[in-house]
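We use all heavy atoms of the structure for the numbers below, so side chains are in, but hydrogens, waters and symmetry mates are not.
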Amino acid sequence: MEDKPMYYKDLAKIFGKHERTIQREIYKVKKKEPNNPILNNYMGDSWFCWSSDMKEVISLCSKLKSEKTEEVNTIT
């Protein structure tokens, strides 16, 4: 498989989410792990990840359903 760059819009299509939602999630993770090289790939102003790094990007942005429920309960 060819290693190609993946942008916010590509991730949004894969997950069926809005591009802005993907941007927010990656921004949150980047704040927690500012030195992670996978989260700091830019071409000009555009963030991207390599298709070979998708698995790690997904694991960094993923939450267990129980964690998601706790987050919602603390807000209300």
Side-chain angles (χ1 to χ4, degrees):
M1 186 169 126
E2 184 181 323
D3 198 18
K4 62 180 186 171
M6 305 287 285
Y7 299 93
Y8 293 126
K9 65 180 178 180
D10 300 319
L11 298 176
K13 286 179 187 175
I14 291 170
F15 293 104
K17 301 288 182 187
H18 194 275
E19 187 176 337
R20 187 71 179 128
T21 302
I22 300 295
Q23 288 176 338
R24 273 189 244 121
E25 288 301 317
I26 291 179
Y27 178 76
K28 286 180 198 175
V29 174
K30 200 181 326 181
K31 282 180 75 174
K32 291 178 185 175
E33 298 190 33
N35 296 324
N36 189 322
I38 291 174
L39 299 174
N40 289 305
N41 292 326
Y42 284 89
M43 175 63 74
D45 290 338
S46 299
W47 175 87
F48 71 94
C49 68
W50 294 104
S51 56
S52 61
D53 295 331
M54 280 291 295
K55 190 171 185 176
E56 186 168 348
V57 171
I58 292 168
S59 69
L60 288 169
C61 294
S62 297
K63 296 179 187 175
L64 295 173
K65 188 167 182 142
S66 60
E67 291 174 5
K68 194 173 180 179
T69 305
E70 286 177 14
E71 190 175 289
V72 171
N73 289 338
T74 58
I75 293 172
T76 57

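Summarising the geometry, atom CG belonging to N40 is positioned 6.0 Å from atom NZ belonging to K30; distances are rounded to the nearest 0.5 Å. Between atom CD1 of residue I38 and atom OG of residue S52 there is a gap of 8.0 Å, rounded to the nearest 0.5 Å. To the nearest 0.5 Å, atoms CG (L39) and SG (C61) are separated by 7.0 Å. Put simply, CG on N35 and CD on E33 are 9.5 Å apart, with the number rounded to the nearest 0.5 Å.
Cluster membership for Y42 and Y7, using ILVMFWY side-chain heavy atoms within less than 4.5 angstrom, is not shared. Cluster annotation: I14 and V29 are assigned to the same hydrophobic cluster (Ile/Leu/Val/Met/Phe/Trp/Tyr, side-chain heavy-atom contacts under 4.5 Å, transitive). There is a path of hydrophobic side-chain contacts, each under 4.5 Å, that joins I26 to M6. In the hydrophobic clustering of ILVMFWY residues, with side-chain heavy atoms under 4.5 Å counting as a link, W50 and I58 come out apart.
By the 4.5 Å heavy-atom criterion applied to side chains, E56 and N36 are counted as neighbours. For the pair Y27/Q23, no side-chain contact is recorded, criterion being any heavy-atom separation below 4.5 Å from C-beta on. Here the side chains of C49 and M54 are in contact, with some heavy-atom distance below 4.5 Å.
Ring planes of W47 and Y8: parallel class, angle under 30° (limits at 30 and 60°).
Under a 3.5 Å cut-off, the side chain of T21 and the backbone N or O of K17 do not form any donor-acceptor pair.
The two residues S51 and D3 have their closest heavy-atom pair at OG-OD1, 3.1 Å.
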